[in-house]
Colleague: 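So that we are looking at the same thing, I have put the structure below in structure tokens.
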Amino acid sequence: MTGSTQDYVKWFRHSSPYINAHRGKTFVLMLPGEALVHPNYGNIIYDIALLSSLGVRLVVVHGARPQIDARLAESGIESQFHRNLRVTDAANLEQVTQAIGQARIQMEAALSTGVPNSPMHGARMQVISGNFVVAMPHGVLDGVDLQHTGKVRRINTRSLNTVLDSGAIALLSPLGYSTTGEAFNLSFTDVATQVASALKADKLLAFIEAEGVSDANGELVRQLAVQECRDFLEQQGEQISGDIRQALSACYLACLQGVPRAQLFSYAADGAMLSELFTRDGMGTMVHSDSYEQLRRATIDDVGGILELIAPLENEGILVRRSRELLETEIDRFHVLEKDGTIIACAAMYPFEESAELACVVTHPEYRKGGRASTLLTQMEKMARRQGIKQLFLLTTQTAHWFIEQGFVQAQIDDLPVARRRLYNYQRNSKIFIKNL
């Protein structure tokens, strides 16, 4: 095989765990109107079709701000905004709905493509739109009547789930209808956030122009826990562009309302969504609300909690006994997972040039069925890669099968770094496992 073919096969194999993990899950995609006119738009449509073909339940919420601006400008109507919300009066409501309708039709047409020699060939996807969003007027803000600009009142989740269960893609526009029969212009980020929350979606995926969210130094922020995201918005909010701030706020609110993951990535970069979903490190920024992301470096104050966590396994001979004094000197090698002030998992990593030993991977008995051990391991692997470590190895006497399930393969003593080989305890006869990163 050629090098490019080998790379493709390797990527495809490595993506299979993510394919299995995403199948049957519900993703809400938040696509701004700017993406619909970007040169990369066709590739985004292809990637949406691919996700659908892999069994992902998809709700696509599109925006239409530039389309509305253009339609109003053509009609000689000047847009008025208040608190970043368009004031939609009766005179321009028709122009607004026409622009939104045109954007929706454009998306439906693109998702219906099936010509030969294209990634859409044979997809035969069904795209269903409808009155899934019940709206209400925004009302008067600071003395300004927003008129036909509204907000989400309720999501018809039963109808939406029926569409998703049928295998169709649900396409939602930034329009909602009131119980009195009025139409309201909505924020597409509000629609996406409320839909994700109402459906208890597994992910909210937000397309933005930039690669992701950057810090004050211009560095890409890979992950933000909910609390960190709130602090970031408070401290950096005015320094980032309005569209990114709006998308990040939507991700924060979605996670706050129970969505486990919200991810931001670029609509301008070809394959950004696939890279974010099907590779270990992704390409954008993730906001998360679940417990494993609370992984942090251990401090001296955690010594007691770690000792309490590992003591039962030391008594059973599964772990080598560590004294408090030794643990205090090695505490900088440990990472812990804390929940409500309690250490519920820990792991240590000891570097040996381009490899590192993974040790003391322990999860509290009450949390062992929640998948925290595997997610803790995933985080340790990501940290190792960031440090330039190419290979992880470990020694175990009783958990061999679990580590094999996590991608480790059995090795021999001679495969260990020389410095670690000298410390091998032949009396324990531990099995050795290695994983290339």
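Numbering of residues begins at 1 and proceeds along the displayed sequence.
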Colleague: Considering residues at least two apart in sequence or located in another chain, which fulfil the salt bridge (Lys or Arg N to Asp or Glu O under 4.0 Å) criterion with Arg86?
Modeller: Asp69
Colleague: Thinking salt bridges, do Arg65 and Asp243 make one under a 4.0 Å N-O criterion?
Modeller: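 So Arg65 does not pair with Asp243 through a salt bridge.
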Colleague: Could you check, using the six-membered ring where one of them is a Trp, whether Phe265 and Phe207 have ring centers closer than 6.0 angstrom?
Modeller: yes
Colleague: Does a side chain donor of either Thr162 or Ser159 reach within less than 3.5 Å of an acceptor in the other side chain?
Modeller: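 No, Ser159 and Thr162 have no side-chain donor paired with an acceptor closer than 3.5 Å.
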Colleague: For the residue pair Gln126 and Ser166, confirm or rule out a side-chain donor-acceptor distance under 3.5 Å.
Modeller: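 No pair is found: no donor N or O on one side chain lies under 3.5 Å from an acceptor on the other.
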Colleague: Is a side-chain donor-acceptor pair under 3.5 Å present for Gln263 with Lys203?
Modeller: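 Short answer, yes.
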Colleague: Just by modelled atom types, is the Gly284 backbone N or O under 3.5 Å from a matching donor or acceptor in the Glu211 side chain?
Modeller: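 No.
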Colleague: With Phe393, which of Phe352, Phe408, Phe403, Phe433 fulfils ring pair (Phe, Tyr, Trp, His ring centres under 6.0 Å)?
Modeller: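 Output: one option passes, namely Phe352.
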Colleague: Return all side-chain donor-acceptor pairs below 3.5 angstrom for residues 133-143, not counting sequence neighbours, or 'none' if the list is empty.
Modeller:
unit_1 : atom_1 : unit_2 : atom_2 : d
Asp142 : OD1    : Arg83  : NH2    : 2.9
Asp142 : OD2    : His82  : NE2    : 2.9
Asp142 : OD2    : Arg83  : NE     : 2.9
Asp142 : OD2    : Arg83  : NH2    : 3.0

Colleague: Would you compute the distance between atom CD of Gln410 and atom CD1 of Ile434 and round it to the nearest 0.5 angstrom?
Modeller: 10.5 Å
Colleague: Does the side chain of Asn436 pick up a donor-acceptor pair with the side chain of Gln391 at under 3.5 Å?
Modeller: yes
Colleague: With side-chain hydrogen bond (donor to acceptor under 3.5 Å, both in side chains) as the test, would you mind laying out the steps for Arg71 and Asn92 before giving the verdict?
Modeller: CA-CA 10 Å; Arg71 180 61 66 95; Asn92 62 27; over 6 Å; no
Colleague: Indicate whether any N or O donor in one side chain lies under 3.5 Å from an N or O acceptor in the other, for Glu94 and Gln98.
Modeller: yes
Colleague: Could you give the side-chain donor-acceptor pairs of residues 212-220 under 3.5 Å, partners two or more places apart or in another chain?
Modeller:
unit_1 : atom_1 : unit_2 : atom_2 : d
Asp215 : OD1    : Asn217 : N      : 2.9
Asp215 : OD1    : Gly218 : N      : 3.1
Asp215 : OD1    : Glu219 : N      : 2.9

Colleague: Is the backbone of Gly55 close enough, under 3.5 Å, to the side chain of Lys25 for a donor and an acceptor to pair up by distance?
Modeller: no
Colleague: Work out which heavy atom in Arg245 is nearest to a heavy atom in Ile240; give both atom names and the distance.
Modeller: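 Answer, listing the atom of Arg245 first, then Ile240: NH1-O, 2.9 Å.
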Colleague: How far apart are the closest heavy atoms of His148 and Asp89, and which atoms are they?
Modeller: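 For His148 versus Asp89, the nearest heavy atoms are CD2-C, 4.1 Å.
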Colleague: For Ser197 and Gln257, does a side-chain donor sit closer than 3.5 Å to a side-chain acceptor?
Modeller: yes
Colleague: Regarding Gln95 and Ser75, is there a side-chain donor-to-acceptor distance under 3.5 Å anywhere?
Modeller: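 Ser75 and Gln95 do have a side-chain donor-acceptor pair below 3.5 Å.
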